[in-house]
There are 2 protein chains.
Amino acid sequence: MLDERDRRILDLLQKDATLPVAEVADQVALSASACSRRIQKLEEAGYVERRIAVLDRERIGVPTTVFALIKTAHHSDDWIESFRKAISDIGEIVEAHRLTGSYDYILKVVLPRVEHYDVVYRRLVKRIELFDVSAFISMEILKSGHALPVDYAE
Amino acid sequence: MLDERDRRILDLLQKDATLPVAEVADQVALSASACSRRIQKLEEAGYVERRIAVLDRERIGVPTTVFALIKTAHHSDDWIESFRKAISDIGEIVEAHRLTGSYDYILKVVLPRVEHYDVVYRRLVKRIELFDVSAFISMEILKSGHALPVDYAE
DNA sequence: GATGAAATAACCTCCTG
DNA sequence: CAGGAGGTTATTTCATC
């Protein structure tokens, strides 16, 4: 369903959505009108989830990243519900996955500084019981991709 | 430097950058022109890093997420350089951090399906020596935030 | 210094050839 | 696919507070 041009278009837009259609058209060797049509099709088909502004971590006051790996003994529906709610309420937790293996959950937490992790940790354990939480502080971001590989898209 | 309106504007745009200025203006009780000016100021001041299209993981063919936690014995400049290069080259690795603590690195990997993790793993260990790699498969995304908390911004 | 209203400019989209 | 008209949206100007 998608050809190389479509993938290229998606890749360009996921890196910079402010690109004028005319410029995208240039880069994929297409006329502006044809390119505009393709972009519309791609959006209608749901390839583009949404368009967002990526804020600057430094400027926005949360330059620090901590990953929290969580083990829990509780797996009741009630507990899970409370946990979900807590995750959703705490803004510093920007990403959360339920895992397989020796840890049950991973949280990505953004903070003004490392010491602030304690505040978030307390806010979390006040609401739910956790068996074990290991915090890993990010010292350096090697790749901060909002970009997905487009090679598998069809 | 920022007031409540500015934070609100940033929050709206980081959730949906397609919002017409007029609508953002409405939500913060401002005229379109005043709002447009504020957005410009915010961009000039560097609060907005960029604007991007977020692609649909399912549609784009990489619905599966795996977190790889890595320990390494090597810390020479050469090794680090090779590691960086590998990370940067492998598209399935969408995020990478250098950590403190019992693990040295964390990678977020996106894949067409779990079995494909092996392909990425082999591609990585072919290029660099790793002491230990633990893979944690995401069974469920509880929060997939591209959104930062704006409360700390000033 | 920041606002709102109106004028201007830029852009996208649709239509025609 | 190229070119241009028409409509929509954003930006700039200007007067005002």
Side-chain angles (χ1 to χ4, degrees), chain A residues 1-62 112 146-148 150-151 153-154, chain B residues 1-60 145-154:
Chain A
M1 171 154 184
L2 295 195
D3 67 4
E4 206 41 62
R5 278 206 178 100
D6 289 318
R7 278 186 278 269
R8 191 78 201 294
I9 291 170
L10 289 172
D11 196 38
L12 287 165
L13 292 180
Q14 81 169 335
K15 277 156 187 159
D16 182 3
T18 69
L19 284 173
V21 176
E23 196 165 330
V24 177
D26 269 358
Q27 300 216 28
V28 296
L30 228 60
S31 71
S33 49
C35 190
S36 173
R37 261 192 304 272
R38 279 191 187 233
I39 293 172
Q40 266 188 316
K41 296 264 190 205
L42 290 167
E43 300 211 329
E44 279 163 21
Y47 288 94
V48 177
E49 195 178 298
R50 55 209 177 107
R51 288 158 182 266
I52 63 167
V54 178
L55 305 186
D56 185 282
R57 291 276 301 269
E58 288 284 345
R59 218 83 186 70
I60 226 70
V62 286
H146 298 269
L148 302 175
V150 295
D151 321 291
E154 46 188 40
Chain B
M1 171 151 183
L2 296 195
D3 66 6
E4 206 41 62
R5 278 205 178 103
D6 289 318
R7 278 186 279 270
R8 191 76 201 293
I9 290 170
L10 289 170
D11 196 38
L12 287 165
L13 292 181
Q14 78 170 335
K15 277 156 186 159
D16 182 3
T18 69
L19 284 174
V21 176
E23 197 165 328
V24 178
D26 269 358
Q27 299 217 27
V28 297
L30 229 59
S31 72
S33 50
C35 191
S36 174
R37 263 191 304 269
R38 277 184 185 239
I39 293 172
Q40 266 189 314
K41 297 263 191 202
L42 290 167
E43 301 209 328
E44 279 163 21
Y47 289 93
V48 177
E49 195 178 296
R50 56 209 178 108
R51 288 158 182 266
I52 64 167
V54 177
L55 305 185
D56 185 283
R57 292 275 302 268
E58 289 284 345
R59 217 82 188 68
I60 225 71
H146 298 269
L148 302 175
V150 294
D151 321 290
Y152 301 106
E154 45 188 39

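Everything quoted here is computed from the prediction, not taken from an experiment. Sequence lines set the chain letters: A, B, ... in the order given, protein chains first and strands last, and positions in each chain run from 1.
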Enquirer: A/D151: what forms a side chain to side chain contact (heavy atoms under 4.5 Å, CB included) with it, not counting sequence neighbours?
Expert: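 A/P149.
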Enquirer: Is there a side-chain polar atom (N or O) of A/S31 under 4.0 Å from OP1 or OP2 of D/dA2?
Expert: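 For A/S31, the contact criterion (side-chain N or O under 4.0 Å from OP1 or OP2 of D/dA2) is met.
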Enquirer: Please round to the nearest 0.5 Å and tell me the distance separating atom CD of A/E49 and atom CG of A/L148.
Expert: 9.5 Å
Enquirer: Please determine which of B/D16, B/D56, B/V54, B/L55 meets the side-chain contact (heavy atoms from CB on, under 4.5 Å) test together with A/R50.
Expert: B/V54
Enquirer: For the pair B/R7 and B/E4, find out whether any cationic side-chain nitrogen is under 4.0 Å from an anionic carboxylate oxygen.
Expert: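 Yes, this pair counts.
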Enquirer: Looking at residues 17-30 of chain A, who's got a heavy atom less than 4.0 Å off DNA chain D?
Expert: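 Contacts with DNA chain D under 4.0 Å: A/L30.
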Enquirer: Expected output is a numbered-order residue list: members of residues 35-52 of chain B with a heavy atom under 4.0 Å from any atom of DNA chain D. What is it?
Expert: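 Contacting residues: B/S36, B/R37, B/Q40.
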Enquirer: What heavy-atom pair brings B/A32 and B/V21 nearest, and what distance separates the two atoms?
Expert: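 It is O-CG1, 3.6 Å.
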Enquirer: How many whole angstroms separate atom CG of B/D6 from atom C1' of C/dG1?
Expert: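 Rounded to whole Å, this separation is 14 Å.
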Enquirer: In Å, rounded to the nearest 0.5 Å, how long is the span from CD of A/Q14 to CD1 of A/I9?
Expert: 13.0 Å
Enquirer: Which atoms form the tightest heavy-atom contact between A/A45 and A/M1, and what is the distance?
Expert: CB-CE, 4.3 Å
Enquirer: Contact between B/R38 and B/D3 at the side-chain level, heavy atoms closer than 4.5 Å - yes or no?
Expert: yes
